[in-house]
2 protein chains.
Amino acid sequence: MTKKREGKTTSKIFDDHDHGMCFDDAIEQIENYFLKKNLQFTPLRRKVFEILIRDHKPLGAYEILEALGRDGFSSSPPIAYRVLDFLMEHGFVHKIQGLNAFIACSNPNHSHSPAFVICRKCEKVAEVDEKKSGISFASPNIDNFEVEKTTVEMTGVCTTCSRAATI
Amino acid sequence: MTKKREGKTTSKIFDDHDHGMCFDDAIEQIENYFLKKNLQFTPLRRKVFEILIRDHKPLGAYEILEALGRDGFSSSPPIAYRVLDFLMEHGFVHKIQGLNAFIACSNPNHSHSPAFVICRKCEKVAEVDEKKSGISFASPNIDNFEVEKTTVEMTGVCTTCSRAATI
DNA sequence: TCATAACGTGTTATAACATAACACTATCAG
DNA sequence: CTGATAGTGTTATGTTATAACACGTTATGA
């Protein structure tokens with residue numbers, strides 16, 4: 001058994017969306033995207049994305065592999081890593097560095113450099129928009145260094161977990 | 001042999017400091033800090049810090065272990081991880097999540113939430129000040145979520161590496 | 001039509017990163 | 001002297017990620 005990655009929270013940023021909506025929308029969006037780009041949205045790729053969007057929480061590669069195995073797919077490590085790399089390239093999945101875990105993108109429709117809010121107790125993660133969250137990178141270029149990718153993760157304790165701790 | 005982590009750059013942010021100065025200063029600062037806090041700056045802890053500040057580049061835990069071994073210290077994994085945890089707790093070492101590597105802090109004297117600029121070719125890393133770099137977290141609290149720790153890493157290609165590629 | 005190249009999936013093996021659990025010593029407060 | 005704490009050491013193992021190669025399918029195009 002791997003490390004637990006579960007929990008609940010009522011903090012607004014963690015669940016301010018209709019998840020049924022989110023799931024259907026996301027599938028449709030990703031289908032259209034790959035159709036338009038002439039890329040294959042194969043059963044394996046679809047399944048991996050569904051596993052991630054279903055729970056809408058970060059999953060480790062080996063958790064994804066277990067889920068694949070349960071659903072009759074091959075479950076040797078390169079399977080998951082390859083598909084995850086592919087989905088990340090196209091912005092439908094992000095890696096949470098602080099958890100060595102992967103999460104489906106919440107805003108695949110607009111290009112963005114996402115920031116993540118992570119509860120270190122329940123490990124729930126919210127993807128927040130740069131603008132909404134008040135995070136900003138004032139200068140995209142730092143001293144002629146061309147930034148290609150930014151990782152922003154904010155770790156703390158969500159309201160639910162902090163309330164639970166003081167009861 | 002582990003992955004290579006070396007390279008050169010002339011990008012200003014990567015070497016706008018006097019390294020000899022930096023080394024001596026850093027050692028003095030950390031000594032004073034632990035003295036003041038009544039914490040032990042043991043030979044092992046000193047050595048790990050020296051290894052990191054010497055090169056002033058990110059090193060993996062196992063690279064640090066090799067260096068420890070060469071210098072006559074024990075080199076089983078927990079040795080490095082424990083000392084690194086200790087030094088990180090006190091802000092003298094940071095972990096670069098994107099590289100699974102550790103680097104000596106460039107500004108141990110003032111509390112800060114550091115941001116890192118990482119060249120994905122030479123893997124050189126610069127620690128930049130939030131203010132100087134134009135990075136800012138406009139709101140420390142997001143929807144009642146108390147942020148305890150932020151990870152900010154910007155990956156790209158430094159001027160030296162991008163010049164080398166086009167020649 | 002038959003190479004051959006590109007892609008997607010599959011396999012085995014191994015590398016790279018990190019921690020658990022316990023042992024031993026030294027130091028220090030009571 | 002005794003027990004608690006801190007620091008280091010050890011063995012073993014857990015967790016995350018990639019290398020290298022095999023095989024089938026599909027598209028290209030000489």
Side-chain angles (χ1 to χ4, degrees), chain A residues 1-5 30 34-35 37-49 51-52 58-69 71-90 92-103 120 123 151, chain B residues 1-5 30 34-35 37-49 51-52 58-69 71-90 92-103 120 123 151:
Chain A
M1 182 55 184
T2 53
K3 265 189 290 185
K4 263 189 282 184
R5 292 186 202 284
I30 194 170
F34 287 132
L35 202 65
K37 291 255 181 181
N38 250 308
L39 296 165
Q40 300 180 56
F41 192 46
T42 62
L44 177 62
R45 287 170 179 174
R46 172 188 288 270
K47 177 57 72 179
V48 170
F49 185 70
I51 289 165
L52 284 168
L59 295 175
Y62 283 73
E63 291 178 288
I64 293 165
L65 284 167
E66 278 175 30
L68 285 175
D71 290 358
F73 288 82
S74 167
S75 60
S76 50
I79 295 292
Y81 285 104
R82 278 193 297 231
V83 173
L84 289 168
D85 283 348
F86 176 83
L87 295 172
M88 283 193 289
E89 258 175 41
H90 296 281
F92 292 97
V93 167
H94 300 297
K95 180 168 185 179
I96 307 298
Q97 297 284 357
L99 299 175
N100 291 321
F102 303 86
I103 192 164
R120 68 171 160 75
E123 292 197 344
T151 299
Chain B
M1 184 51 183
T2 55
K3 264 189 289 185
K4 262 188 283 185
R5 294 185 200 281
I30 194 169
F34 287 131
L35 203 64
K37 291 255 182 179
N38 251 308
L39 296 166
Q40 299 181 55
F41 193 45
T42 62
L44 176 62
R45 288 170 178 174
R46 171 187 289 268
K47 177 55 73 178
V48 170
F49 184 71
I51 288 166
L52 284 168
L59 296 176
Y62 283 70
E63 291 178 287
I64 293 166
L65 284 167
E66 280 175 30
L68 285 174
D71 290 359
F73 288 83
S74 167
S75 59
S76 50
I79 294 293
Y81 285 104
R82 279 193 295 231
V83 173
L84 288 168
D85 284 347
F86 176 83
L87 294 173
M88 283 192 291
E89 257 174 43
H90 296 279
F92 291 98
V93 167
H94 300 297
K95 181 168 187 180
I96 307 297
Q97 296 283 358
L99 299 174
N100 290 322
F102 303 86
I103 192 164
R120 68 172 162 72
E123 292 199 340
T151 299

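Model, not experiment: these values are computed from the prediction. All chains are named by letter (A, B, ...) in the order of the sequence lines, taking the proteins before the strands, and each is independently numbered beginning at 1.
Taking atom CD1 on A:I79 and atom P on C:dA13, their separation rounds to 16 Å, with Å as the unit. For B:Q97 and C:dA16, the CD to P distance is 19 Å, given to the nearest whole Å. As a whole-Å value, the separation of A:R82 CZ from C:dA6 C1' is 14 Å. Straight-line distance from the CG atom of A:L44 to the P atom of C:dT9: 5 Å, rounded to whole Å. Between B:Y62 atom OH and D:dT15 atom C1' the separation is 11 Å, expressed in whole Å. For B:L65 and C:dC17, the CG to P distance is 11 Å, given to the nearest whole Å. For A:Y81 and C:dA16, the OH to P distance is 15 Å, given to the nearest whole Å. If you take CG of A:N100 and P of C:dA16, they are 16 Å apart, rounded to a whole angstrom.
In terms of position along DNA chain D, the nucleotide closest to B:L39 lies nearer the 5' end than the nucleotide closest to the other residue of the pair B:S75 and B:L39.
Atom CD1 of A:I64 and atom OG of A:S75 lie 12.5 Å apart (nearest 0.5 Å). A distance of 10.5 Å separates OG1 in A:T151 from CD1 in B:I96, rounded to the nearest 0.5 Å. To the nearest 0.5 Å, the span separating CD1 on A:I79 from CG on A:L65 amounts to 8.5 Å.
Closest to the side chain of A:A61, out of C:dT12, D:dA17, C:dC7, is D:dA17.
Among the protein residues, B:S76 comes within range of the nucleic acid bases, having at least one heavy atom under 4.0 Å from a base atom. Among the atoms of the strands shown, only primed sugar atoms or phosphate atoms (P, OP1, OP2) are found under 4.0 Å from some heavy atom of A:R45.
Between B:K95 and C:dA18 there is a side-chain polar atom (N or O) within less than 4.0 angstrom of OP1 or OP2.
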Given B:F49 and B:F34, is the ring pair (Phe, Tyr, Trp, His ring centres under 6.0 Å) satisfied, shown in steps?
CA-CA 13 Å; B:F49 184 71; B:F34 287 131; 8.7 Å; no
